[in-house]
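Just below is one structure, and these are the notes that go with it.
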2 protein chains.
Amino acid sequence: MGLGGATMDERVPRDFETLRATILERRQSLPKRIAQIAAYALDNPDDIAFGTAASIAASAGVQPSTLIRFAQQLGFDGFTSLQQVFRERLRERNSSYDERLAALRAKAEEGAGHRAIFDGFVAAASTSLSDISRTLNEPHFEEAIALLAKAETIYVLAKRRSYPVASYIAYALGKLKIRNQLIESAAGLNAEMVGFATPNDAVIAISFSPYAPATIEETRAISEQGVPIVAITDSSFSPLAQFAKVWFEVAEADFAGFRSLSATMALAMALTVAVGEKRRDTGRKRKA
Amino acid sequence: MGLGGATMDERVPRDFETLRATILERRQSLPKRIAQIAAYALDNPDDIAFGTAASIAASAGVQPSTLIRFAQQLGFDGFTSLQQVFRERLRERNSSYDERLAALRAKAEEGAGHRAIFDGFVAAASTSLSDISRTLNEPHFEEAIALLAKAETIYVLAKRRSYPVASYIAYALGKLKIRNQLIESAAGLNAEMVGFATPNDAVIAISFSPYAPATIEETRAISEQGVPIVAITDSSFSPLAQFAKVWFEVAEADFAGFRSLSATMALAMALTVAVGEKRRDTGRKRKA
DNA sequence: TATGGATTGGAATTATTATTTCATATTGAC
DNA sequence: GTCAATATGAAATAATAATTCCAATCCATA
């Protein structure tokens, strides 16, 4: 009968690599038109992922029905399920880290030892880093540097989970001899501190969902004084974004309820050092 | 008329970045459900690329018709053409990812400006992470967890560049409802704070070369009171090591004179969460 | 609180797309 | 060269999905 290789015991390839291997293996024994579309599929996997049966068939120079027969020969029950494999491939390209992380999370939850927890945090950090290095908006980055480099005083504003980043920024700015003011919580003098800022200064504000109300409030207040703000936050919908002159969206993976700070840290340090460098350059030029 | 912004002169965004910018720009003025799907779209672009109108609408918690209205507000004539933009993005991303990465590397190596600084920090963080996940001493890790889990109060001790880590530990411990005391500098009350610690408590001390004298001094003092110490430091010759019951050697790469904290952070968070978990387990057993 | 306009939910409709079917062509064995 | 088995093309059909429409609801404004 015409179903070709779709016998019972045969495993249907569910990931792209297996599928690819299967196709290459059988290539010799495939009928002409089927082979034609097999070649096309391996050469243009993206087209298979997104096209319709008709459009793909046309591009490959065969009939839609042939495309379906091809899928069936491989053990799928139709074009649609074959297409899934090609789509999955595109997704995974971007999310292999995410999957690993998900696996680790599951492992940690079922109580698989403490090492799993550690691995989870390492994976969350790695994911966040590779993500930010892919998505960093360079024009924004340059703009932020320029903005901060000409500030008289840089105010650093963050609470709670973002606070460690702020404290490191403040430390680094101090080391680089850049005047700065860390606005922490506690003391209750924040309103006064914020009041001193002028449009000649600048702010780095950091906040992630759920956004600490104090951070938002202070950012709003300071932006109303005309002080330019660079925000580091986690979503385009963050309340910080609307107050900021420049803002960065940093997608930190979290693990066990705690956010990795690696990406934010890397960005914060890069900003800080770049500002230091830009100031040195400018200083040199002025003297010359 | 119901077409919303779909007036003649308006440009339909054809690439993802423009689309994204458009959405962000209008987000204030969008009706609730439309805004809901707008947020979903930016957060889950892959789902938009692959899903059907019905499946996406369900995931985002709206009706399919809302999804279409969303597309129309943006100037598309329907969901299908909106989806094209999301698909295009995936194609491009995948095809050019390797090239882009190679370009970035080249650029970073020839010292091209500020992006290179950023890449440097990311690289330092990644290196540190892969390093620590290779070299973590598991028996020490377990021992440290056991030691901290039975402490009444956990004191967290770090200054200067290590302080951000300490503050995150304190934050996390607080979240996990584990009694802790962060020993910062400034106030000058450290000696008194340290004086309260007993052998039933425990200390996490963090310090890297050049070791802050205050950290060393306080660690010494507290160890003389018989309080067990877990140290995170950078070398076997660290002065912290001699006072500690358990210590970890973390080799953080540095860049431009600033140490990456990623590996230390990951270790610190893993310790914290593992301690929290161990306590929950122990508590449960006691009750049973 | 009443009123008009905008927004939303849900079903009905239309369109698109996958799949099936069947007639025809091709291939290989005898 | 004939026959049977397999492969292919093209159109019909079935399934699925997008879109539209209308009633219900929400919201701002008078």
Side-chain angles (χ1 to χ4, degrees), chain A residues 1-7 10 12 19 23 26-41 44 46-88, chain B residues 1-7 12 23 26-41 44 46-88:
Chain A
M1 50 91 187
L3 284 182
T7 47
E10 199 157 14
V12 181
L19 176 58
I23 292 173
R26 299 214 196 143
R27 183 165 43 159
Q28 311 290 0
S29 64
L30 292 172
K32 200 170 78 175
R33 289 271 118 112
I34 308 265
Q36 185 175 330
I37 203 152
Y40 182 86
N44 309 67
D46 289 10
D47 287 355
I48 308 280
F50 290 124
T52 67
S55 71
I56 295 164
S59 304
V62 301
Q63 289 290 324
S65 44
T66 306
L67 177 49
I68 284 157
R69 286 178 196 122
F70 167 60
Q72 290 173 339
Q73 288 229 352
L74 290 166
F76 297 96
D77 52 50
F79 164 69
T80 309
S81 30
L82 169 73
Q83 192 178 41
Q84 285 312 112
V85 175
F86 284 79
R87 292 188 165 183
E88 221 28 70
Chain B
M1 46 91 212
L3 284 181
T7 47
V12 180
I23 292 174
R26 300 215 195 142
R27 105 184 105 130
Q28 309 286 4
S29 63
L30 291 175
K32 201 170 79 177
R33 290 269 114 107
I34 308 265
Q36 185 175 331
I37 204 152
Y40 183 86
N44 310 64
D46 290 11
D47 288 355
I48 307 281
F50 290 119
T52 68
S55 71
I56 295 164
S59 305
V62 302
Q63 290 290 324
S65 43
T66 306
L67 176 51
I68 284 155
R69 285 178 197 123
F70 168 60
Q72 289 173 340
Q73 289 229 352
L74 291 167
F76 297 97
D77 51 52
F79 164 70
T80 309
S81 28
L82 169 73
Q83 191 177 43
Q84 286 314 112
V85 175
F86 284 79
R87 291 186 165 183
E88 214 35 65

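Throughout, protein chains are lettered first and strands after them, A, B, ... in sequence-line order, and every chain is numbered starting at 1. Worth knowing before you read on, the calculation uses all heavy atoms, side chains too, and leaves out hydrogens, waters and symmetry mates.
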Shorter than 3.5 Å, N or O on both sides, protein versus nucleotides 23-29 of chain C: list them out with atom names.
none

Roughly how far, to the nearest 0.5 Å, is CZ of B:Phe50 from CG of B:Asn44?
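Nearest 0.5 Å value for the CG-CZ distance: 13.0 Å.
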Would you mind classifying the nucleic acid contact of A:Ile34 as base, sugar-phosphate or nothing, using non-hydrogen atoms under 4.0 angstrom?
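Answer is sugar-phosphate: A:Ile34 comes under 4.0 Å of backbone atoms only.
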Nearest-Å distance for atom pair [atom1]/[atom2], residues [X] and [N]:
| X | N | atom1 | atom2 | answer |
| --- | --- | --- | --- | --- |
| B:Phe70 | C:dG9 | CZ | C1' | 19 Å |
| A:Gln63 | D:dA12 | CD | C1' | 14 Å |
| B:Arg69 | C:dG9 | CZ | C1' | 8 Å |
| B:Leu67 | D:dT20 | CG | P | 13 Å |
| A:Arg33 | D:dA7 | CZ | C1' | 10 Å |

[X]: side-chain hydrogen bond (donor to acceptor under 3.5 Å, both in side chains) partners, not counting sequence neighbours:
| X | result |
| --- | --- |
| B:Thr52 | B:Ser55 |
| A:Gln84 | none |
| A:Arg69 | none |
| B:Asp47 | A:Arg91, B:Tyr40 |

Taking protein heavy atoms under 4.0 Å as touching, what does nucleotides 14-19 of chain D look like 5' to 3' if B marks base contact, S marks sugar-phosphate-only contact and - marks none?
---SSB
Output all residues satisfying side chain to side chain contact (heavy atoms under 4.5 Å, CB included) with [X], sequence neighbours left out; order by chain, then residue number.
| X | answer |
| --- | --- |
| A:Ile23 | A:Leu19, A:Ala38, A:Leu42, A:Phe70, A:Leu74 |
| A:Thr80 | none |
| A:Ala57 | A:Val62, A:Pro64 |

